[in-house]
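Single-structure report; data block below.
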Amino acid sequence: MNKHYDVAIIGGGIIGMSIAYHLAKAGKQIVLFEANEIGKQTTSAAAGMLGAHAEGEGDEDIFFQVGRQSQALYEKLTVDLQHESGIDIRISVGGIMKVAFTEQEKRALCRMQHLPTFEWLEASSVKERMPQIADDIVGAGLIEDDVHVEPYAVCRAFWQAAVRHGADVKEFTPVIDVKRGKETLTVSTAKGIFTCDHLTVASGVWSGRFLEELGLSHSLYPVKGECVSVWNNGPALAHTIYHDHCYIVQRDSGKLVIGATMKPNDWQAIPTLGGIEAVIHKASQLMPSIREMPIDQCWAGLRPATSDRHPYIGKHPEDERILFATGHYRNGILLAPITGEIIRGLIVGESVHKEWLHAFRIGRKEALFV
Ligand code: FAD
Ligand code: GLY
């Protein structure tokens, strides 16, 4: 038998690592088990947009409130993580230019016009700011707060800072099984058996089997996303270009990240030629010059989706010792800080918005997303 911990976490993607960081910083004894390498699954596939406006259904949605709060947390985290880990998470300026090609798309976008964080720009103004953009746009909504970060850098920064606060992080240590004793929880891994007072399931799209074993029904499924990156041999993009699930994001290195397909129920995290072709086709309608840019690489990742596209964050309804944080779908990078704060709040006894816990509880009636 190995050491006893306050909290064990299954999964070392950005969600598990944020939870480890927030709890270790609050003085809890933490162990995190990662089956492979930290942050190398879905987290590394992400573009890193903090798309609270761009990815939501409007500002009345709960996603918007939670997303905005998480976006705000990144401001302080950038400084704290740099100090505690020495890693720059490369938060960008410029935000997202959400493009409209038709009057109907313009009307849909302008539903956000009452927000001080949204500015509608006619095509000529967009062109002035971004000469690379396609000629046939009607205009675009500029959302400067929807900045982006480098997802793997954020995950690594959480990791290094969590370790600095005393967390034990065990790579190449898949969790095999969890047993619920009266006094304690027992976690069996490929590298031994551990006990803990609390357990958090944060293993992304692979969380389903643990939820089932713990008696929780869920709708988790993968939505594969394929991406390609190119070397930008023209002027740097001042803003991320975004239209209908397609985006072009400028990295500091000079690369452009171009994404992404949406393939439900595909468990193979490998890009296909057809998928990459579709991404290039859509992106070159937004920015024709990308066709001339040298290819860097292609990749794919599995978004952990639920039927209503909201995550599961909270406690097991019948066993307070078990928590879960998964199903972050297209927005795990955006939502990582707030998820870490919510789970910390539930474990250390801080107050957490009841409305959020209600919206993200497991076992809710999930309206089918269309
Ligand atoms: P993961 O990163 O997959 O981590 C889960 C970890 O659990 C894995 O490392 C896995 O190895 C581990 N694990 C599994 N089983 C076990 C086990 N038995 N024992 C131990 N460990 C285990 N989000 C944004 O906010 N902005 C974006 O711009 C964005 N772009 C995206 C683009 C693409 C193409 C894709 C695919 C996703 C994008 N996302 C984006 C979504 C985001 O990447 C995910 O929501 C997020 O990475 C989920 O993080 P996670 O920690 O839950 O999962
Ligand atoms: N949020 C971007 C994506 O999931 O592709």
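Computation of the quantities below employed the complete heavy-atom set of this structure, encompassing side-chain atoms and omitting hydrogens, waters and symmetry-equivalent molecules. Whatever order the structure lists ligands and atoms in, that order sets their numbers, starting from 1.
Protein heavy atom in closest approach to atom 53 (O) of ligand 1: G204 CA, 3.6 Å. At the top of the distance list for atom 46 (C) of ligand 1, counting protein heavy atoms only, stands G332 CA, 3.8 Å. Counting only heavy atoms of the protein, atom 30 (N) of ligand 1 lies nearest to A47 N, 3.2 Å. Nearest protein heavy-atom contact of atom 13 (N) of ligand 1 is S203 CB, 3.8 Å. Counting only heavy atoms of the protein, atom 31 (C) of ligand 1 lies nearest to A46 CA, 3.4 Å. Nearest protein heavy-atom contact of atom 3 (O) of ligand 1 is T42 OG1, 3.1 Å. Scanning the protein heavy atoms around atom 33 (C) of ligand 1, the nearest turns out to be A45 O, 3.7 Å. The protein heavy-atom contact nearest to atom 41 (C) of ligand 1 is Y329 O, 3.0 Å.
The backbone N or O of K255 lies less than 3.5 Å from no partner atom in the side chain of S229, so there is not a single donor-acceptor pair. In this structure a side-chain-to-backbone donor-acceptor pair under 3.5 Å is missing from K224 to T261. Counting only distance, with no hydrogens or angles, the side chain of S85 and the backbone of I87 share a donor-acceptor pair below 3.5 Å.
Of the options G13, S207, A35, S70, the smallest heavy-atom separation from atom 20 (C) of ligand 1 is shown by A35. The closest heavy-atom contact to atom 49 (O) of ligand 1, among the options V149, T43, V279, V223, comes from T43. For atom 51 (O) of ligand 1, the candidate residues are I15, L50, N36, L334; the nearest heavy-atom contact is made by I15. Distances from atom 8 (C) of ligand 1 to the heavy atoms of K263, K40, E34 show the closest one on E34.
Among residue pairs with one or both ends in residues 18-68, those qualifying as ring-ring contact (aromatic ring centres under 6.0 Å, His included) are Y21-F158, F33-F194, H53-F64; sequence neighbours excluded.
Closest heavy-atom contact between H243 and V99: CD2-O, 3.2 Å.
An N or O contact shorter than 3.5 Å links V175 to ligand 1 by distance. Residue I14 has at least one nitrogen or oxygen atom sitting less than 3.5 Å from a nitrogen or oxygen atom of ligand 1, judged on distance alone. Inclusion of Q41 in the set of residues having an N or O under 3.5 Å from an N or O of ligand 1 is not warranted. Here's the thing with A202: none of its N/O atoms is less than 3.5 angstrom from an N/O atom of ligand 1. Residue G16 places no N or O, backbone or side chain, under 3.5 Å from any N or O of ligand 1. Geometrically, ligand 1 and M49 share a nitrogen or oxygen pair separated by less than 3.5 Å. Considering backbone and side-chain N/O atoms, G48 comes within less than 3.5 Å of an N/O atom of ligand 1. Distances between N or O atoms of I10 and those of ligand 1 include no value under 3.5 Å. Polar contact with ligand 1: present for R330 (N/O pair, distance under 3.5 Å). Checked against a 3.5 angstrom limit, the closest N/O atoms of I333 and ligand 1 fall inside it.
Between R330 and M262 the shortest side-chain heavy-atom distance falls below 4.5 Å. Between N265 and P222, the closest side-chain pair of non-hydrogen atoms falls below 4.5 Å. A heavy-atom distance below 4.5 Å is not found between the side chains of R321 and H316. For the pair T240/M49, a side-chain contact is recorded, criterion being any heavy-atom separation below 4.5 Å from C-beta on.
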Distance-only criterion, 3.5 Å: show the donor-acceptor pairs between side-chain atoms of residues 5-14 and protein atoms not counting sequence neighbours.
from	atom 1	to	atom 2	distance (Å)
Y5	OH	D168	OD2	2.4
D6	OD2	Q29	N	2.8

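A salt bridge does not link E171 with K191: none of the charged nitrogens is closer than 4.0 Å to a carboxylate oxygen. Look at D135 and K127 and you find a salt bridge, because one of the NZ, NE, NH1 or NH2 atoms lies within 4.0 Å of a carboxylate O, short of that distance. A salt bridge links D308 to R364: at least one charged side-chain nitrogen sits closer than 4.0 Å to a carboxylate oxygen.
Atoms CG and OG, on L214 and S207 in that order, are 10.5 Å from each other to the nearest 0.5 Å. Here the straight-line distance linking atom CD of E213 with atom NZ of K179 works out to 8.5 Å at 0.5 Å rounding. From I137, atom CD1 reaches atom NZ of K106 across 11.5 Å, with rounding to the nearest 0.5 Å.
Judged as a side-chain hydrogen bond (donor to acceptor under 3.5 Å, both in side chains), and not counting sequence neighbours, the contacts of D252 are R90.
Taking a 4.0 Å cut-off on heavy atoms, N331 registers as neighbouring ligand 1. Look at G259 and you'll find every heavy atom at least 4.0 Å from all atoms of ligand 1.
At a heavy-atom cutoff of 4.0 Å, ligand 1 is contacted by the side chain of C227 but not by its backbone. Using a 4.0 Å cut-off between heavy atoms, Y247 contacts ligand 1 through its side chain alone, with no backbone atom that close.
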Next on the checklist: For S92 and Q250: C-alpha separation, side-chain torsions, deciding distance, then whether side-chain hydrogen bond (donor to acceptor under 3.5 Å, both in side chains) applies.
Outcome noted: CA-CA 9 Å; S92 69; Q250 177 76 56; over 6 Å; no

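Counting atoms of ligand 1 from 1 in the listed order, those under 4.0 Å from a heavy atom of W206 are 3 (O), 14 (C), 15 (N). Of all atoms in ligand 1, listed by their number and element, those nearer than 4.0 Å to a heavy atom of G301 are 36 (C).
Near ligand 2, residues M49, E55, Y247, A260, R303, R330 each place a heavy atom inside the 4.0 Å sphere around the ligand atoms.
E366 and H310 share no donor-acceptor pair across their side chains, judged by distance under 3.5 Å alone.
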